[in-house]
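Have a look at the structure below before the remarks.
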Amino acid sequence: MSCDQDAETRHVLGCFRDRLKRLIQVEPLLDLLHFLEPDRKDRIKAKFREEGDINAAAFLIDEIIHSKNYARGWSRELIAALETVGCRHAAKYVLNSPPEPTEEAENDSCVRLIDLLQLTLVSMKTGDVCAHCRALGLLTLEDQENIMKLTENQGNIGGARLLLKRLVKNEAGWFSKFLQALEDTEHHDLVRELRGEPCNEDGEALIMHKESSCEFNCIDHLCVFQRPCQSRLQTQLSNYRIISLPSSEESKRDIVLRDYQMEVARPALEEKNIIICLPTGSGKTRVAVYITKKHLERKKQMGQPGKVVVLVNKVPLVEQHYKAEFGRFLKHQYSVERVSGASQLKISFPQIIEQNDIIICTAQILENSLAKAKNGDEDGIKLSQFTLMVIDECHHTKKGGVYNHIMIRYLSQKHKNQLLKKQEKSPVPLPQILGLTASPGVGGAMNQQMAEEHILQVISTVLLQIISKRDTIKTFCVYGMLKDPFGDVIKKIMDEIHTHADLKPLCDPGTQYYEQWVVQKEQNAAKEENQMVRVCAEHLRQYNEALHQSNTIRMSDAFRFLNKYHTEELKTKSSPDEEGTITITDTERFLFTLFKDNKAKLQELMGKPQYENNSLAQLKTSILKEFSTRERARGIIFTRTRLSAIALCQWIQENPKFDEVGVRASYLIGGGDQSVVKPMTAAEQKDVLNKFRDGQINLLIATTVAEEGLDIAECNFVIRYCLVTNEIAMIQARGRGRAEDSSYTLVAEAGSGVAERESVNEYREKMMSTAIVKVCKMNRADYEKKTREFQMQAIIEEKVKIKKKLLKGMMKEPPSKISLSCRQCSVFVCSGEDIEKIENMHHVNVTKQFSKLFTVRENASLQERLLDYETNGVIACKNCGQQWGSMMLYKSIECPCLHIKHFVVTYSSKKKTFSKWSELPIKFPAFDYTQHADLLVEDSEEEDLETD
């Protein structure tokens with residue numbers, strides 16, 4: 001091609017940029033673009049890993065448009081590469097031969113249809129459909145291999161999503177071939193969904209009123225023709241409207257508010273910013289749906305665009321709000337979409353915003369997009385794009401988290417708008433704010449004035465309305481302990497360890513204060529390289545946890561916990577013969593022998609039910625009472641740890657007394673990987689909650705993950721088992737009991753402080769209610785002055801925080817300033833200069849010298865496979881067996897990944913311990929993949945020469 005043709009191609013790329021970025025597959029394409037320099041390819045690949053295909057494609061197009069240094073004929077190479085990797089549709093645009101407008105519009109509608117029905121389509125048999133799509137020319141061989149690999153690694157749904165994502169990049173005509181592939185693989189239900197059969201999933205009959213005579217069918221709220229009429233799909237869509245025949249489901253779409261709900265909604269209907277403060281179970285979300293509906297109707301009547309974003313702080317709430325409230329009542333009239341970290345839609349979040357009326361998302365996704373817009377990224381979004389923002393559990397705006405960041409942006413623009421008005425300039429539009437909470441709390445206030453100030457701070461961006469609420473029946477079960485010979489044996493072991501290490505605890509074992517004391521001792525001993533005290537403190541911490549368990553769950557659970565810990569510790573002291581022998585110190589030998597000598601006594605005692613703790617007996621009485629006196633009992637038990645939730649569930653399932661009264665129990669725990677217990681996946685949590693709602697489970701044993709926000713089916717009793725936090729958690733937990741005759745019970749040990757802290761929470765709740773009433777009755781001028789003061793304070797504090805963060809980043813010192821040593825045996829591990837960062841997150845050391853210091857053990861817990869790397873095993877000190885981190889496979893290179901908590905850091909001649917890398921003010925270089933890959937190739941070639 002001539003230079004003129006290359007210039008014309010640049011012009012075409014600019015014209016079709018927005019469409020091309022959605023049609024190009026960047027990763028395979030880059031391998032065939034030889035005119036691009038390696039460093040530019042690396043930047044594009046980094047963009048792909050961090051922000052996905054669409055943003056990386058846009059970056060690639062911009063690189064080509066703005067660079068003038070490519071050799072003549074590069075456009076021919078680009079087109080050939082697009083055709084080779086299966087992007088023929090994109091190639092036609094680059095050749096300036098786009099499809100006809102009607103054909104293009106039809107194809108866009110098919111893409112949108114796939115997007116709408118994605119949650120249904122991912123149930124396909126991915127392997128079978130993939131093979132047929134390949135045979136029909138819809139996929140390349142590389143596409144097929146990538147899809148099957150992802151299916152193997154992440155399951156059928158992950159592979160199906162990639163298959164759908166790849167299909168829609170084909171040129172027009174792919175849709176009918178895809179239908180054929182589904183027919184051939186016997187996915188007849190999916191074909192009916194895509195073609196639009198006359199009945200929807202619920203069997204609700206639909207009648208189509210139309211202005212032309214062409215027959216068509218409907219799927220949800222998108223109309224599609226049968227295949228013969230498909231060529232005129234887009235042009236006909238606007239001529240039809242959908243009318244549903246009345247059904248039992250239809251009545252659910254009518255939103256009827258109670259008097260008190262309408263009362264709290266009224267200010268929002270007058271376009272005022274408010275917080276609705278109503279008790280859990282009194283219908284806050286239903287009020288928000290009603291306000292959303294009226295808001296969009298008003299905007300439509302005024303001829304103005306309306307767009308609503310609903311923010312939640314937990315991923316399960318996204319789906320819950322969609323299915324139970326916003327989607328259920330509004331999707332027949334408006335386009336409603338949900339986006340969370342668990343969905344595949346977050347990459348194209350701005351497009352989702354543009355195409356829908358109501359968006360339900362986690363707050364972090366919105367904050368990420370707002371931050372992008374502030375940094376000048378075209379894929380960012382602005383608050384001005386919304387006309388109403390609903391904030392669920394809005395009391396979290398006070399915590400300095402993601403809600404707080406969003407509201408600071410709102411406040412900053414609000415005050416800028418005031419300056420713009422003074423300058424007689426147009427202000428930037430801002431959305432109306434609707435906050436929802438059951439408990440704004442008092443923030444640790446000790447008196448009424450402090451409580452009122454806290455309420456004012458929480459609501460400094462909005463007004464607040466409250467209504468009186470019903471209370472649940474509350475019972476305290478506080479009791480004394482029986483004899484505890486099992487606990488006495490553990491305390492005797494702990495006393496022997498205290499004597500051995502010359503430790504003098506300041507509080508009794510089995511308490512949280514002891515836990516804090518022993519953690520501090522371990523940290524100090526690690527810094528002082530006092531290995532005897534350090535390892536004793538670590539063992540004392542485990543015994544303290546076992547003591548707590550024996551006071552709350554079964555003795556057998558506590559024994560299993562200790563036995564597992566010692567068994568795993570012994571495993572770390574053994575290694576393969578070729579790796580040498582790991583040293584066992586005299587102190588470690590003493591500790592292992594101490595447990596072994598007392599093991600038989602502990603096993604004997606745990607088999608005697610008369611010595612079980614009294615709290616468990618009281619819990620049993622409470623549960624049996626609830627299930628014996630209620631016609632349909634359904635309840636939740638809240639407990640402190642994941643381990644206790646699982647153990648209590650096993651105890652209930654194994655006890656025939658509970659089975660006799662019809663108890664069907666299951667546990668619900670969090671998804672974070674910060675515990676010795678394997679976390680629950682989002683799918684597992686969803687399955688348990690669905691079974692609880694359906695009645696298959698009638699007793700849920702949960703950690704605090706179920707306290708707030710989750711719309712759990714009406715319970716008639718709630719038990720907090722040896723657990724008290726603050727007044728907000730108390731109100732939220734009590735609010736899970738939503739039936740009229742619900743009860744709230746606290747089961748606690750006398751002298752544990754639990755009952756006393758609950759009394760403090762009750763006092764704070766009364767202060768909160770009084771403070772809210774007083775704030776609502778404040779003089780308008782005083783209210784506005786106070787809230788303005790808090791708003792300005794929040795803005796200034798955020799600016800100071802950002803400046804400090806920037807200053808801290810600028811002051812970060814070079815890696816040579818630090819060195820790492822093993823936390824357990826104090827052996828030197830490496831200098832900070834040997835450490836590099838992968839994905840700006842994982843700290844790795846790939847030097848040959850470091851590889852001689854550790855051994856690799858099997859990773860006991862199954863790790864989730866990630867995009868470009870996976871965790872293969874645990875790395876541990878060759879000298880003492882202390883875990884150092886994990887072995888990561890990053891693009892086929894084994895990278896030992898270090899966890900800072902397992903090391904003592906020597907920094908400026910001082911020894912320190914850290915729990916996170918972010919706490920360390922050191923700037924580590926990015927991992928140089930190319931350099932390490934070249935070294936690996938050289939080593940491999942040298943080995944081959946030696947072999948020859």
Side-chain angles (χ1 to χ4, degrees), residues 19 22-23 54 89 99-124 126 129-130 132-133 136 138-139 157 160-183 185 187-202 204 206 208 210 214-242 244 322 327 331-339 343-345 347-348 351-359:
R19 184 167 291 276
R22 305 185 188 283
L23 298 176
I54 293 176
H89 198 189
E100 292 296 320
T102 52
E103 187 181 4
E104 186 177 68
E106 175 190 339
N107 190 66
D108 288 346
S109 294
C110 292
V111 172
R112 178 63 180 153
L113 179 60
I114 294 295
D115 185 41
L116 285 169
L117 294 179
Q118 187 180 78
L119 289 177
T120 303
L121 292 171
V122 293
S123 63
M124 71 174 82
T126 305
V129 177
C130 182
H132 279 71
C133 287
L136 292 168
L138 294 176
L139 302 173
I157 291 177
R161 283 183 177 139
L162 181 59
L163 170 62
L164 295 173
K165 185 178 177 182
R166 177 62 192 89
L167 278 178
V168 298
K169 293 180 185 290
N170 278 290
E171 56 188 320
W174 61 268
F175 187 76
S176 58
K177 291 182 180 179
F178 177 49
L179 288 177
Q180 182 185 335
L182 290 175
E183 283 278 16
T185 52
H187 290 82
H188 305 302
D189 289 341
L190 295 181
V191 174
R192 281 195 291 272
E193 284 273 14
L194 288 168
R195 285 179 176 168
E197 295 297 328
C199 285
N200 66 11
E201 198 172 49
D202 299 319
E204 179 186 26
L206 298 173
M208 306 303 172
K210 53 182 178 175
C214 184
E215 289 187 3
F216 72 106
N217 294 304
C218 173
I219 300 174
D220 289 333
H221 49 276
L222 178 67
C223 303
V224 246
F225 289 86
Q226 296 286 7
R227 200 179 306 176
C229 299
Q230 203 168 19
S231 62
R232 297 169 60 196
L233 170 63
Q234 183 65 29
T235 54
Q236 295 289 335
L237 280 176
S238 58
N239 296 332
Y240 295 83
R241 57 193 176 94
I242 307 167
S244 302
Y322 176 80
K331 71 177 181 179
H332 68 292
Q333 190 173 356
Y334 301 101
S335 54
V336 187
E337 187 56 271
R338 65 277 205 202
V339 189
S343 73
Q344 298 297 310
L345 298 173
I347 293 174
S348 56
Q351 183 186 8
I352 298 301
I353 297 293
E354 183 183 341
Q355 294 176 349
N356 292 279
D357 303 308
I358 304 165
I359 301 93

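In this chain, numbering begins with 1 at the start of the sequence shown.
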Practice prompt. Would you please name every residue forming a side-chain contact (heavy atoms from CB on, under 4.5 Å) with I157, sequence neighbours left out?
Written response: V122, R161
Fill in: side-chain contact (heavy atoms from CB on, under 4.5 Å) partners of L190, counting only residues at least two apart
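Testing L190 for side-chain contact (heavy atoms from CB on, under 4.5 Å), a comparison that skips the adjacent residues, returns T120, L121, S123, M124, L182, H187.
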Worksheet item: Do side-chain atoms of N170 reach the backbone of L167 as a donor and acceptor pair under 3.5 angstrom?
Response: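 Answer holds: yes.
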Worksheet entry | Results of salt bridge (Lys or Arg N to Asp or Glu O under 4.0 Å) for R166 - residues two or more places apart only | D143
Fill in: Partners meeting side-chain hydrogen bond (donor to acceptor under 3.5 Å, both in side chains) with D357 (sequence neighbours left out)
S335
Item to complete: Please list, chain by chain and in numerical order, all residues satisfying side-chain hydrogen bond (donor to acceptor under 3.5 Å, both in side chains) with E354, sequence neighbours excluded.
Response: none
Practice prompt. May I have the step-by-step check of side-chain contact (heavy atoms from CB on, under 4.5 Å) for V129 and F178, ending in yes or no?
Written response: CA-CA 9 Å; V129 177; F178 177 49; 4.0 Å; yes
Spacing of [X] atom [atom1] and [Y] atom [atom2] [to the nearest 0.5 Å]:
X: N356; Y: K331; atom1: CG; atom2: NZ; value: 13.0 Å
X: Y322; Y: E337; atom1: OH; atom2: CD; value: 6.5 Å
X: S176; Y: E183; atom1: OG; atom2: CD; value: 12.0 Å
X: W174; Y: H89; atom1: CH2; atom2: NE2; value: 10.5 Å
X: Q351; Y: R22; atom1: CD; atom2: CZ; value: 4.0 Å

Worksheet entry | Of all pairs that satisfy salt bridge (Lys or Arg N to Asp or Glu O under 4.0 Å), the ones with a partner from residues 171-182, not counting sequence neighbours |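 Counting only pairs at least two positions apart or across chains, the salt bridge (Lys or Arg N to Asp or Glu O under 4.0 Å) contacts touching residues 171-182 are R88-E171, K92-E171.
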Worksheet entry | Exercise: identify the closest heavy-atom pair between V168 and L23 |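 Heavy-atom minimum between the residues: O-CD2, 4.3 Å.
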Worksheet item: Nearest heavy-atom pair of L163 and C133: which atoms, and what distance?
Response: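 Looking at all heavy atoms of both residues, the shortest contact is CD1-SG, 4.5 Å.
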Discussion item. Any non-hydrogen side-chain atom of H132 less than 4.5 Å from a side-chain atom of Q180?
Written reply: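 No. Closest side-chain heavy atoms not under 4.5 Å.
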